[in-house]
Structure formats: C-alpha cells, structure tokens
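One structure is given here, and the rest of the page talks about it.
Atom set for the values below is all heavy atoms of this structure, side chains included, hydrogens, waters and symmetry mates excluded. Lettering of chains follows the sequences in order, A, B, ..., and the numbering in each one begins at 1. Bear in mind the structure is a predicted one, so any value in this text is a computation, not a measurement.
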There are 2 protein chains.
Amino acid sequence: MSRRSGILEFAVLGLLREAPMHGYELRKRLNTSLGVFRAFSYGTLYPCLKTLVANGWLIEEPGSAPEEALAASLAGRRAKIVYRLTAAGKEHFEELLSHTGPDAWEDEHFAARFAFFGQTEREVRMRVLEGRRSRLEERLEKMRASLVRTRERLDDYTLELQRHGMESVEREVRWLNELIESERAGRDQRSGPDAPALHDNDSGETGGLPRHGGSTRPDPSDDTTK
Amino acid sequence: MSRRSGILEFAVLGLLREAPMHGYELRKRLNTSLGVFRAFSYGTLYPCLKTLVANGWLIEEPGSAPEEALAASLAGRRAKIVYRLTAAGKEHFEELLSHTGPDAWEDEHFAARFAFFGQTEREVRMRVLEGRRSRLEERLEKMRASLVRTRERLDDYTLELQRHGMESVEREVRWLNELIESERAGRDQRSGPDAPALHDNDSGETGGLPRHGGSTRPDPSDDTTK
DNA sequence: ACACCCATGTAAGGTGTTACATGATTAG
DNA sequence: CTAATCATGTAACACCTTACATGGGTGT
C-alpha cells in the first residue's frame, strides 16, 4: 500500500474514473486538459501506474479500444496497455475525495482537488474551498507582518515582488469567495438536505459558477518530453 | 564544482552579497523577506552552504558580529558560524546574474532573479523580463489551443480552473509589460548609453516602478520548520 | 526549573526529472 | 522509406523534506 505521491495518484485515479486509458494519453491529459497545474514525465507516471496496479486499484488490459480490437488479436504485439479502474480503485478514489486532510489546501494539491470537483460532494467542496481560503489568509497575515518588519531595508524590486505576490494571493481569496458564495447559492436553490451529485458527470449544470478569477500557480509545461 | 540547485545557491550568494550572515538567519530571510517564492529547510540549506564553502565562494567565520564580538573571545563556544562571500564568490554571483539561460524564465527561477534585480544590470533585467514574458505567451498559446480542442467534454469546474489559470497568466503578462515599459522609461530619462548601477544598493531610486501587479506563483510557507 | 527561540547539523527517504533504450504506427 | 509521433519502460541522479540529535541563550 505504498503511499506514492498524493497528487499523481489522485489525478490518475480521477482521470481513469471517467474512462480507461493508456499511459501515454494519461500523461497528455495530465499536462494539457487538466494539467494547468503540473507536468509529469513518463519516468514518474509509469512506475506510479505499476504500484497502483499492485495495490489492486487498476488493472492492465491489452488494448481493446475501438480501432485496436482486431489488431490486438494478431501475433505478440507490443501490448499497448490500457488501464482501467477496479471497484477497489473506485472506492479508494472516493475515499480520497472525501478525505480532507490539511494537505488539501496546498497549491498544487488544491488545484488537483478542484479539478475533480465535478465528482465531489458539495459538502466536501465547501470544506476544501474554505480550507484553502483560510490557508491563504494565514499567508497574507505573515506577508503583511514581514513587510512591516522589514520594509525600510528592502530595495524597490524586492518590494515590488512582495507586493505583487500579496496581490496575487488577495485575488485568489476573492475568487474563492465568489466560488463559495456560488456554492451556497446552489445549495439553497436546489434540492433540500443533500443531493448525491456523484453518479457520473455530464449533467451540464453544477450550480452555476461565477465569471472571473484569481490565481493558482500556473505551470503547463511541454507536451513533448523535452 | 558540483552544480547544487540553481535557485538556492543563487539566492544564498545574493543575500550574502548584501551582508554576512549565519545559516539560521539566511533561512529566515529566504522564507520571509525574500521568500514569497519558496521555502527551504535546514536539511537543504546547511549542506548547500558546505558545498559553497568547498567551492571557495564562501568562508566560514566565527561569529564576530556586533553583539557577539566579546562573547566569542570566551572559551570554546559553539562557533555560531557566519558566512561571508569571498571575492571568487562575488565574481561567481555576478556571472550567474548576467548568465541568461533558458532556465531563467521558469516560475521560481524568475522570481529569484527578480528579487536581485537591484544588483542586476539594466540590460540583463530587460532580457529576463522579456524572456519571461515570451515564456508566458507560449503558455497562453498552448492553453488556448488545448481549450479549443477539449472544450466540449470538460465539466464546469475543470473549465473554471483553466480559465482562472489563464487569467492569472494574462495578468502576469500585463504586469511584465508595465515593468518593461518602466525600465525603458528609466533608461531614456537617465544617463545615456549605460549606467553601471552595480556598486552597492541603497541608491533609493532604480528608475521608478509601476504601481500594481499580476502573478508569480505565490508560496511563502512557514517560518517554523513545521 | 522549565519553556521557548536560537543555532547547527545528519541520515533516510520521498518525489520527480533526465537520459537512455526499445519498438509500433502513421503521414508525407 | 523515412520522419514524426505514439507508446512503454528503466536506471541514475537531483533535489528537497522529515525526523532526529545536540546544544546555547533568555525570559518567567
């Protein structure tokens, strides 16, 4: 049950929950569609897939996808492994989704969580958004404090960097406020106590998100390995 | 000459260039004053200092700072090592400052560079700012492309995350534009072809920075070890 | 006396990248 | 037929964190 990287494991399970895929495609999805937040190399991905299989959360299948169905029946082809989530894997992912440890507020971890909000219960979404917000507010506190302590002996550029960092965080807080409010609004106007919202995505409307944003460490990185 | 982490090495040399310090204080400066961009632990810092000393860029001195001057003369005290930049170290740092490799445009690397703009020649500053900008513009290209390719099959949250990431990058581009413009203005209005601007900081005015900002991956992290 | 910050270190381990090695499929 | 892209892997190494170990100084 080796703990293997929170984020990657989480993202892989989440992506495979939507549809089986092979490693190569997974990596692309990680880096482009989903991956505004982080790029992984094959050297990380493939070993990770192995351990997920070892944990029983995935199974490897010979490529039985649409076009390859016939081709696969030929002689010893090079496998082109498709990974599929097992029942245990699904269960594990759902557990990860609801498990709101203090890790979940950190930059990249948060982005990963957010990316799968479509499959997350509203209650948990709220906890994550609010946790993130208070994490950022802590940061602002510290930044302000350190600004006051050190203001006089910093040159213009350092100061500008500080200011700009703070503004960035403040922006994200405002963004979170809007999201939180819109979550609350969604809860009120929709079904009463709790609506599952956890069958399969496609439902089009999740509650109505607001129309502008703040900041979460952008870092797409290349499509190509190098 | 082991290559030891670009960023940490760079930041340490840069901080020590302003004044000698011991490790503990260095770490705090890294994480608060300067450290909007990154936190390092002692487990990283101290070994790094060792190799910098081994490279001849720093020397260790017994704590001969103001208050400790007398105290140090007493029996075998626990050293409290103060690190001071050597001439070779100064030279090396200056070389790093002007060396504009394609690394310099990446998130954290850029932030570190920016933090020491006060000791950087205007010409180099321009190259770094413009390099960073075009790096971000590449990113925007890719994001837009991937948005177009995948728009229909993404749920609202994933979309919101993408949008918000893009907006963040766009903001930083605007910020860079202002900085670049203000650098140009500074060049025009001040001395003709090139002014050194590299004696020692304290000069108060670097050219007049603009008054608002964009985004560079915020990540202060704690002051305390954990 | 005790607690709490200052201060320095080390060993083990986690997490990820690079560079390499291999081969299949598709487009020109 | 050749180049690009798809596809899978591994081994070596870079980088950083955690947890531990140690001890000085200061305040209550």
field: Under 4.0 angstrom between Lys50(A) side-chain N/O and dT10(D) OP1 or OP2
entry: yes
- prompt: Which pair of heavy atoms, one from Leu140(B) and one from Met166(B), lies closest together, and at what distance?
  reply: CD2-O, 3.9 Å
message: Using whole Å, what does the distance between atom P of nucleotide dC15(D) and atom CD1 of Ile7(B) come to?
response: 10 Å
message: Using whole Å, what does the distance between atom C1' of nucleotide dT17(C) and atom CD of Glu108(B) come to?
response: 15 Å
message: Among residues at least two apart in sequence or on other chains, which ones pass ring pair (Phe, Tyr, Trp, His ring centres under 6.0 Å) with Tyr83(B)?
response: none
- prompt: Does Thr44(A) place a side-chain N or O at less than 4.0 Å from the phosphate oxygens OP1/OP2 of dT17(C)?
  reply: yes
- prompt: Any luck finding a side-chain donor-acceptor pair between His92(A) and Glu9(A) under 3.5 Å?
  reply: yes
field: Proximity of Tyr157(B) and Phe116(A) rings by center, below 6.0 Å
entry: no
message: Taking any heavy-atom pair under 4.0 Å as a contact, classify Gly43(A): base, sugar-phosphate, or nothing.
response: base
statement: Result for 5'-nearest mapping on DNA chain C, choosing between Leu45(A) and Tyr83(B), is Tyr83(B)
task: Look at Tyr46(A) and dG9(D) and indicate whether a side-chain polar atom (N or O) is within less than 4.0 Å of OP1 or OP2.
output: no
task: Using a cut-off of strictly less than 4.0 Å, decide whether Tyr24(A) has a side-chain nitrogen or oxygen near OP1 or OP2 of dC6(D).
output: yes
field: Distance test, side-chain N/O of Arg38(A) to OP1/OP2 of dG16(C), below 4.0 Å
entry: yes
statement: Among dC16(D), dC6(D), dG9(C), the one nearest any side-chain atom of Tyr42(B) is dG9(C)
field: Euclidean distance, atom NE2 of residue His22(B) to atom P of dG25(D) [Å, nearest integer]
entry: 13 Å
- line: Rounded to whole Å, CG of Leu26(A) lies from C1' of dC6(D) at a distance of 14 Å
message: Between C1' on dT8(C) and CZ on Phe40(B), what's the gap in Å once rounded to a whole number?
response: 19 Å
field: Rounded distance in Å - CG (Leu49(B)) to P (dC15(D))
entry: 16 Å
query: Side chains of Thr100(B) and Arg127(B): donor-acceptor distance under 3.5 Å anywhere?
result: yes
- prompt: Starting at CG of Leu30(B) and ending at P of dA7(C), how long is that distance when rounded to a whole Å?
  reply: 15 Å
Nearest-angstrom distance from the residue atom CD1 of Ile81(B) to C1' of dG24(D): 14 Å
